[in-house]
Structure formats: structure tokens, C-alpha cells
Novice: 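My questions all concern the structure below.
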Amino acid sequence: MIRLENVSKYYRSLSSVGVGIRRVTLELSQGEFIVVTGPSGSGKSTLLNVISGLDTYEEGEILINGEETSHFTVDDWESYRASQIGFVFQDYNVIDALSVLENVLVALELKGYDKTTAKEKARLLIDKVGLTNRLHHRAGKLSGGEKQRTVIARALAKDSPVIVCDEPTGNLDSASGKDIMALLGEVSKDRLVVVVTHSEEDVMPYATRKIRMRDGQVIEDIVMKDVRKEHDRESFIVPTMTFGTLFRQSVRHLFRTPKKLFFMVSLQVFAVALLVFVYAFLMASSDTLIGENAAQSDSSHQMRIVRKDMEEVDASYFETLGPVQDIGLYPTAYEAFVAFSLPGERDPLSNFPLGEIRMENAAVLDDQDLVTGDLPALGQVVLSDVMLELYGLSVEDEILLFDRYMRFDNSVGMRFEIAGTTIRGTKETVYFNPGIFSDQAIALKGLIQVYGKVPYHYTMEDGALVANTFGAGQIVFSDQLPSGTVEVPVHLLPDPMETPVYAFDFVFGPYYGQSHLFHVEADDVNQSAAMHSNIIMSRSFEDDLIDVFLGEQYQTNDIIVNVRDLTDGRLLSGMLDHQIYRVFYDVNAASTSARVMSDREFRTLSYAVVLGLGLAVFAVLGGVMKSVNVDRRKDFSVMRAIGAHRQDLAASVMIETIVTSVIAYGLTLVIAFLAIAFSYEVRLAMRHVDITSYGWLFVIVMMLSVWIAARQNRKFFGYSVITALNQNGDDAL
Ligand code: ADP
Ligand code: MG
């Protein structure tokens with residue numbers, strides 16, 4: 001069955017060449033029970049390793065079932081071991097983490113038995129070696145004798161024609177040793193059993209042949225009983241494990257070592273969480289960089305939407321869109337107030353000017369955004385806490401708001417109470433109750449907001465129309481004036497000798513959208529000697545304005561939708577059909593000119609940062625994993641010795657790593673969502689991570705896991721089995 005012809009094995013080191021075996025010629029046949037004896041260092045182990053394909057030989061030829069093996073590749077030897085050889089070593093190569101049953105099952109699974117058959121066979125074999133009462137004990141916790149029985153059951157499970165035993169009782173007390181030898185004697189029928197031992201007398205009753213070695217050579221070969229048979233097994237093809245088996249084995253191993261699993265998963269959760277949060281903060285910072293905090297005159301909360309065909313915008317459609325917090329039907333309401341002051345202590349007109357404001361809709365805030373106080377009711381506002389601090393204000397103070405900057409001296413403004421403060425917004429941001437943005441009076445205020453200029457045209461004598469503006473204060477509607485008449489302070493008008501004005505066209509309208517023009521003949525414009533710069537118009541003009549811009553007939557082709565911030569703004573913009581809608585989003589406009597890179601580039605860069613950081617973190621993780629897994633190296637060597645393919649074992653390391661990563665990723669998400677539920681800061685950052693980002697982060701984490709698993713596999717499987725087994729011995733010492 002196995003024939004050695006002048007086989008030699010040398011161990012070369014830098015300084016010397018040691019002899020393992022020298023010119024050994026032997027023929028081993030099925031049915032034999034061969035006892036190999038000899039002093040230590042005589043080459044017994046080398047002989048076993050060579051005939052079982054654990055180690056290579058350099059001279060001569062080994063024929064297995066007549067086939068030459070000198071040309072065998074690593075894979076050929078692997079298949080040979082898998083199909084032909086059962087091993088029993090001195091230091092009991094059980095897989096410590098698995099139960100007795102599972103240790104045996106591994107071998108059966110390697111042979112491709114289905115689950116039920118494998119279990120059945122395993123139980124029978126375990127019964128045969130007398131370990132039924134230890135079926136579910138962890139192999140690592142068994143006594144030496146029991147471990148060796150497990151190994152024998154496993155060797156039997158392989159149903160291999162050859163069983164090699166290298167000092168199987170070397171570590172056992174003499175009683176257990178006798179038992180094991182008896183067991184070997186019992187199972188040797190029809191097989192080739194080669195036993196290296198020092199306890200000859202225990203094994204002699206079963207031996208059919210005795211070989212003695214010295215200095216790497218066979219010096220005595222006595223056949224006591226001729227049991228040679230022709231061998232009837234041929235091929236040593238081993239099925240590779242199916243993915244299902246691999247997966248089952250991997251998962252079983254993972255959950256069989258819960259402490260290790262917990263430790264590894266915790267580390268991975270930490271690593272993954274780090275990556276997710278770093279990504280989140282990068283995204284959040286992109287928001288802050290070009291979003292509300294950097295904006296002076298822009299708002300990330302407001303998007304103005306116009307239909308390209310100038311038809312009416314259907315506000316109810318926008319109400320259905322997730323990112324939309326509120327819709328302002330009167331866009332001009334957002335321009336009603338631009339400045340604020342403190343009310344004067346005695347005289348309401350002696351107020352104390354403070355600065356500019358920007359109107360925001362408090363619908364974009366939630367309770368969590370508040371630092372102090374409450375969300376604003378009508379007549380109340382919430383200020384950013386920077387603004388509060390900057391102007392030395394406090395909650396419950398009252399402020400006056402004006403429709404024009406530097407209007408402080410001749411108007412009392414509109415009084416609002418500070419209801420609370422928020423960490424959001426800039427030093428100019430004032431959040432109003434959403435109701436104010438559907439208030440007609442406020443909307444009108446915004447509409448006639450003049451920024452110091454009232455456009456008008458005057459018609460020359462020859463009929464030519466010339467555009468000009470008044471350096472006006474404000475438009476005041478008055479019940480005093482007859483309907484359709486206007487009163488303009490004379491100092492605002494051009495010199496009548498040079499530029500006689502025949503008619504005026506007062507132009508009103510929002511900054512975006514259509515404007516409306518009141519044509520007033522010069523006859524209806526009274527000049528007054530007033531010192532102020534206000535243009536006083538009769539109430540009828542106001543009524544007309546309301547009709548045109550705020551009335552039933554008005555077509556809202558221009559609405560303002562409020563979104564929580566830049567992230568939602570982008571989201572909403574992405575949801576809209578840009579063939580139909582024109583979206584004015586100041587933040588985008590501002591960032592286009594100012595930003596260093598595009599949104600997509602920033603995102604890509606963020607992923608690159610995460611990947612780079614991931615490489616560093618996972619490299620460390622891989623190192624930890626390697627040291628946690630040192631004992632697995634022994635398991636793998638054992639598995640290889642009993643016939644597992646390297647690729648399969650490597651695949652199971654891969655599977656285990658991926659499974660723990662998936663668990664870790666899942667747990668990280670759970671933790672993240674809990675953190676989001678309970679921490680405002682986390683929510684603020686994490687809301688910038690969308691589904692797609694979670695997807696990409698998952699891909700990155702999986703890539704990193706595969707990477708560390710591959711690195712680990714190189715370490716685990718870069719050696720021959722015997723080197724690995726020997727190293728394990730060294731490690732154990
Ligand atoms: P035995 O099992 O009979 O004690 P071995 O087969 O282990 O003997 O060893 C035979 C000879 O080969 C010894 O001289 C030993 O030092 C040498 N040898 C065995 N394994 C190695 C090795 N991995 N490297 C170098 N020399 C070795
Ligand atoms: Mg030895």
C-alpha cells in the first residue's frame with residue numbers, strides 16, 4: 001500500500017545538516033499493525049510525517065498504491081492526507097473549543113456527510129471509544145486519555161485506511177495508556193496502523209510487525225503475523241466543503257467561544273462606530289461650513305420655489321414631502337423685518353438700535369434645538385444664543401423689530417418677546433412662530449419694504465419714459481388722502497425746471513416673482529413741504545396691493561418652503577423635478593462661488609478619509625485578532641492534518657471575520673440609533689448620514705474585514721502543516 005524506496009529526509013540548517021531518516025526502504029500494507037520503536041531522535045516521527053504526507057522527503061521515492069509521489073504538489077498531499085490518513089499524536093490534537101461530538105463531526109463533515117448522517121455516525125464512533133457520557137463536553141476540558149479517545153474517534157470517523165500514531169500514550173498515565181492501545185488494537189482491523197511508542201509491552205498484543213530504528217535507519221523489521229492484504233481503495237479525492245458546511249462550522253466556532261466573540265465584536269463595534277461617527281462629523285461639518293453658520297445673508301432653512309412655466313405652485317404637493325417643515329404662502333413675509341432695537345425706557349421712540357436680523361421660521365426647530373425657554377408663540381421669537389449673548393439680552397426681554405434698518409428714530413417698530421434661545425442659527429437669526437408667515441399684514445409689510453428706494457418712472461414732455469428712484473424713507477398708507485392720490489415730499493423730487501415729471505409709476509413686488517405697477521398722473525401727486533422722506537399713499541393703493549399680491553385671485557407661483565438645514569435642503573432639491581420647478585436656494589448659490597470642492601467631491605473625500613482611517617484602525621484590529629486567534633492556528637493545523645483544505649479553512653476565517661463584522665455593523669447601527677434617540681448632539685451629526693452613506697460605509701467595513709482576514713490567512717496558512725504543528729508545540733511551551 002505504501003512503499004518507501006531509499007527514502008531520506010534531511011533537516012538543513014545554516015550550520016549543519018541533520019538526518020531525519022536515511023535510505024529507508026519499507027513496504028507497509030493494509031491490515032498491518034506496526035509498532036515503531038527506537039531511541040529518541042532516531043527518526044521515528046520523521047518516518048511517520050513522511051509517510052503521512054505531513055513532511056516532504058528529499059531522496060528516494062514513496063509509492064502510494066503504486067503511484068509515485070515525488071511530483072506531488074501541496075494540494076495532492078492535502079488530498080492524500082484528507083482521504084487516507086488518520087492521525088493520533090502525543091499532544092492530543094483536539095479542537096479545544098468544540099465538544100467531543102463536534103470534534104468528530106468536523107471530520108465527518110469534511111468527508112461530505114449530511115448533517116443527520118454525520119451526527120448518527122459520530123454518536124456510534126463516540127460510543128465505540130467509550131465517551132458517550134462526554135458527548136457534549138468541551139474537548140479542551142477532558143482528561144488526556146479522553147482527549148486521545150476523541151482523537152481516535154475522529155480518526156475513525158475519517159474512515160481512513162491508514163492511522164498513524166506518534167507516541168499516543170506519551171502523556172498518559174499507564175492505565176489510560178493501556179486503554180488507548182487496546183482501543184487502537186480494536187480498530188486496527190482492515191487498516192494500516194503505525195504506532196510509534198516507548199511502551200512496547202502495552203501494544204505488543206495487537207502488533208503484527210515491529211520496526212526498530214536508530215540514527216534514521218531501520219535496524220530491525222520483524223513480521224510477527226502475516227496479515228498483508230491487497231489494498232482495494234484507490235482514489236483519494238476529497239470533496240471540498242460546501243459553503244453551507246463552511247458557514248455552519250464558522251458560525252458554530254464563533255458562538256462556541258462567546259467570550260472571544262464578544263471581545264472581537266466589541267472591538268469591531270468600536271472601530272466601525274469610529275468610522276461612522278467620523279463620517280457623520282465630516283458630513284455635519286460640510287453642512288456647517290457652507291450652511292447656516294457661515295452664512296451671513298443666506299439661509300439654509302429657506303428654499304424659494306417657482307414654477308418655470310409661472311403657473312401656480314401647488315403648495316399641498318410640498319406638504320407631502322418629508323424634508324418640508326413648513327410652507328410660507330406669502331414669501332414677502334420673510335422680508336417684513338430686517339432690523340431690531342431695544343425699546344426705550346421712557347419714550348418708545350427713544351429706542352436703542354442694535355442690529356440686523358434675518359427672519360426664520362421656527363418650524364425648522366424642535367424642542368431639542370432649544371437651549372433655554374420655549375418655541376415661540378405668535379408675538380414671540382426665539383433667538384440664537386450667540387445673538388442673545390452678543391447683545392446682552394435674556395429670555396423674556398422684549399425687542400422691537402423694524403422693516404427697515406435705521407428706521408429707529410421715527411417708528412416704534414413691532415414688539416416681540418424673546419421666548420427662548422437655540423444653538424442653531426447665526427448672530428442675526430430670529431425664529432418666528434410659523435403663523436406670522438401667513439399673516440397678511442406682515443406679508444404686506446415685507447412687500448412694501450423699500451430698502452431706501454422707491455422706483456418710479458417719469459414721463460418727459462416728448463413722451464419718453466425715464467426710470468428713476470426716490471431716495472425714500474417708507475411707504476405709508478393713509479386714510480387722510482383722497483383715494484388714488486399720493487403725497488411726496490418735495491425734496492425727493494427732481495428740480496421741476498430741469499426735469500418736469502408728468503407721471504409716476506410706483507413699482508411694487510417681491511424681490512423674486514412678478515411686480516405690480518401703479519401709474520399715477522402728476523396731477524394726483526401732491527407735493528408736500530414735509531421734512532421726512534416718506535411717500536404717503538392713499539389707502540386705496542394698499543387695498544389694491546392686497547388684491548394683487550395677497551388676495552384670493554393671487555396665483556402663488558412663488559412659495560417659500562422651510563427645511564431643517566442644508567442636508568434636508570439638498571434632499572428636497574433632489575426630490576423635485578427641476579424640469580418643472582426652479583429652486584432658489586441661497587446656500588447653494590453662496591457655496592458655489594465660495595466652496596473649494598463640490599458636494600460630490602467632499603463626499604468622496606470623506607469616504608477616502610474614512611477608508612484611510614479604517615485601514616489604520618483595522619490594521620490594529622487585525623493584530624489583536626491574530627493574537628486572540630493564536631490557539632486557532634493549532635485548530636487549523638489539526639483540521640489540515642485531518643484533511644481540511646487550506647482554501648476551505650481560509651474561507652472559514654473569512655466567513656468568521658465577515659460574520660463578526662456584520663454583527664458589529666448591525667450593533668453599531670443599533671447603538672447609533674439609540675444614541676440618536678437619546679442625544680441631541682449625536683442626532684444633529686448623524687442626520688447627515690443617509691441610507692446611501694450607510695450602504696457605502698458598510699461596503700468599506702466589509703472591504704476592511706476581508707482585508708484583515710486575508711492578512712491573517714497569509715499568516716495562518718503560509719506554512720506547511722508540520723511546521724505549523726511544530727510551531728504550535730513551541731508556542732505551547
Ligand atoms: P524521534 O521521533 O525518533 O525522536 P525525529 O524523527 O523527531 O526522532 O528526529 C530525527 C532527527 O531529525 C533528530 O536528530 C532530530 O534532531 C532531527 N529533526 C527532527 N525534526 C527536525 C526539524 N524540524 N529540524 C531539524 N532537525 C530535525
Ligand atoms: Mg518523535
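Read the numbers this way: they start at 1 and go in the same order the structure lists the ligands and their atoms.
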Novice: Is the ring pair Trp696/Tyr607 parallel, tilted or perpendicular, if the boundaries are 30 and 60 degrees?
Specialist: tilted
Novice: So among Val88, Val196, Val195, Val36, which one has a side-chain contact (heavy atoms from CB on, under 4.5 Å) with Glu167?
Specialist: Val196
Novice: Relative to ligand 1, is Val196 under 4.0 angstrom through side chain, backbone, both or neither, heavy atoms considered?
Specialist: neither
Novice: Counting each atom of ligand 1 from 1 as listed, which ones have a heavy atom of Ser42 under 4.0 Å away?
Specialist: 1 (P), 3 (O), 8 (O)
Novice: Looking at Gly43, which atoms of ligand 1 are within less than 4.0 Å of one of its heavy atoms?
Specialist: 1 (P), 3 (O), 5 (P), 6 (O), 8 (O), 10 (C)
Novice: Would you say Ser45 has an N, O or S atom lying under 2.8 Å from the Mg ion (ligand 2)?
Specialist: yes
Novice: Less than 4.0 Å is my threshold; does some heavy atom of Gly18 fall inside it relative to ligand 1?
Specialist: no
Novice: Is a side-chain donor-acceptor pair under 3.5 Å present for Gln268 with Ser661?
Specialist: yes
Novice: Given Gly38, Ser16, Gly41, which one has a non-hydrogen atom that is nearest to atom 10 (C) of ligand 1?
Specialist: Gly41
Novice: Tell me, do Val194 and Leu47 make a side-chain contact under 4.5 Å, heavy atoms counted?
Specialist: no
Novice: For the residue pair Phe673 and Tyr694, categorise the inter-ring angle as parallel (less than 30°), tilted (30 to 60°) or perpendicular (more than 60°).
Specialist: tilted
Novice: Could you list which atoms of ligand 1 come closer than 4.0 Å to a heavy atom of Thr46?
Specialist: 5 (P), 6 (O), 9 (O), 10 (C)
Novice: Can you check whether Thr169 reaches Gln90 side chain to side chain, under 4.5 Å on heavy atoms?
Specialist: no
Novice: What are the atoms of ligand 1, with element, lying closer than 4.0 Å to any heavy atom of Ser40?
Specialist: 4 (O)
Novice: Can you figure out which of Val19, Leu48, Thr37 has its heavy atom closest to atom 11 (C) of ligand 1?
Specialist: Val19
Novice: Report yes if the distance between the aromatic ring centroids of Phe87 and Phe89 is under 6.0 Å, otherwise no.
Specialist: yes
Novice: Among Ser45, Pro39, Gly20, whose heavy atom sits nearest atom 2 (O) of ligand 1?
Specialist: Ser45
